[in-house]
Visitor: 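Take this structure, written in structure tokens, and hold onto it; I'll ask about it next.
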Amino acid sequence: MHKGQLSKVREVLLEMKGSGISLNRNTYNILAHGSCKLRWLKEAAEVVELMRANDMVPDIWTYNTIMTGLCDKGKVKETISLRDDMESLRVMPDEVTYNTLIDGCFQWWGSVEAFKLVEEMKGKGVKPNTVTHNIMVKWYCKEGKKDEAGYVVVKMVETGFSLDCFTYNTMINGYCKAGNLGEAFKMIDEMGRKGLKMDTFTLNTIVHKLCMEKLLKEAYELTVKAAKRGYILDEVTYGTLIIGYFKNDQTNKALKLWDEMKEKGIIPSVVTYNTIIGGLCHSLKTDQAVDKLNELLDKGLAPDEATCNIIINDFCWEGALEKAFLFYNRMVENSFKPDVITCNILLRGLCKHGDMDYSEQITNFCTQGKYKEAMKLFQELEQKGVSLHKSVYFKLMDGLLKRRKSISKASLSD
DNA sequence: GTAGGGTTAG
């Protein structure tokens, strides 16, 4: 559904309600779902208010849907307070509620808080299921804690849960990221022995690892073989290969794959557009990158944070810092949310030009994880009226972001 | 009509 269409749906529904036609719960839930998919969180929250104003109790689907939208955007606090709301209406959180919350918590707040939620879940008699375990395996893998991930898997089997494709793909990805391709292939064998067929996710994980190892020919041939055997290649498969070829300066092959993908009728999403735009920038083919950016816009797709970061990075790389900041500021005005990557891109650009005396000291503190000391020095210098290089702000923000502290837009645009 | 796996930017 397009944004315009959903607006229309909302309009008509509100009109119907206004003329006394009552809407049922499903109608509201579909509206909540559509709003979340478009990341219209305010509108999604309004659905609950609307339901309550019409003496209708939102159900578990309403809440779970909205909570997923909130967690995706990092609004964990709001999600938790929604959990309290639902409980007070006697809509009891279920496995889906907790799994959503736990995964969001791992992503935005870190594992300590996430595990508290796992305990809370158990305490309330909601039993962790395969999905809960898969979430834990995923985050242990991301944190490089192989043993802990393995322990969760053992525990899973012991408690009677069978491993599914998600579990295997998570572990295969974990092994690939840890540089252990051999173990990843062993997992694929094990999948087969257990009667689980590897899928496009498995394939893409392996293709990505091969590309990272510069084994482009092997990666490509694997996809050809897989396609012949009936596996579906999707935009991620192509995107992965395209990046691989760009990074190894085989621009023509990358562009050929882009065409091949489109010939197959695969419609690239914004992420895949980002890969081609980034690749073309990397190959100094800025004009062609702009063409692809325009194509993205023509298709009615919205550029995202990564698109902005890619463009800012390209300006910085060319040494066009003014353009980079001009673009950055314009985008911030247009609701672009800079993240730690934006900070690093600009920092790297600025470091090439600025006076690094104090910034180096603060950077050192940050590198050592001594954010308190870094902040103290920063404040002292500020009080003394020492004008600090912009990069210092970015480095500090980087540190603060890494500690998962929230950061205000105001302090970023200083 | 709700939760978990794979691609991009430093």
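Just so it is clear, the values below take in all heavy atoms, side chains as well, and ignore hydrogens, waters and symmetry mates. Computed from a predicted model, the values in this text were never measured in an experiment. Here is the naming used below: chain letters follow the sequence lines, and residue numbers restart at 1 for every chain.
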Visitor: When you get a sec, tell me which of B:dA3, B:dG10, B:dT7 is the closest nucleotide to the side chain of A:Val96?
Guide: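 So the nucleotide nearest the side chain must be B:dA3.
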
Visitor: Look at the side chain of A:Thr275 and decide which nucleotide, out of B:dT7, B:dA3, B:dT2, has an atom nearest to it.
Guide: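 Of the options given, the side chain of A:Thr275 lies nearest B:dT7.
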
Visitor: Looking at B:dA9, I'd like to know if its phosphate oxygens (OP1 or OP2) sit under 4.0 Å from a side-chain N or O belonging to A:Lys247.
Guide: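 Yes, A:Lys247 has a side-chain N/O under 4.0 Å of OP1/OP2 on B:dA9.
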
Visitor: For residues 217-240 of chain A, which residue pairs qualify under ring pair (Phe, Tyr, Trp, His ring centres under 6.0 Å), counting only residues two or more places apart or in two chains?
Guide: none

Visitor: Nearest to the side chain of A:Val271, heavy atoms from C-beta on, is which of B:dT7, B:dA9, B:dT2?
Guide: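 Output: B:dT7.
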
Visitor: Please evaluate the base of B:dA9 for a donor-acceptor partner in the side chain of A:Asn313 within a cut-off of under 3.5 Å?
Guide: no

Visitor: Can you measure A:Ile206 atom CD1 to B:dT7 atom P for me and round it to whole angstrom units?
Guide: 12 Å

Visitor: Would you say the side chains of A:Lys256 and A:Asn252 form a donor-acceptor pair under 3.5 Å?
Guide: no

Visitor: Please state whether the base of B:dA3 and the side chain of A:Asn129 form at least one donor-acceptor pair under 3.5 Å?
Guide: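 Under the 3.5 Å cut-off, the side chain and the base do form a donor-acceptor pair.
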
Visitor: Any base atoms under 4.0 Å from A:Thr202, or only sugar-phosphate, or nothing? Heavy atoms, all strands.
Guide: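 No contact.
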
Visitor: Ion pair present between A:Glu119 and A:Lys122, side-chain N to carboxylate O less than 4.0 angstrom?
Guide: yes

Visitor: Is it true that A:Arg83 and A:Glu120 have a side-chain N and a carboxylate O under 4.0 angstrom from each other?
Guide: yes

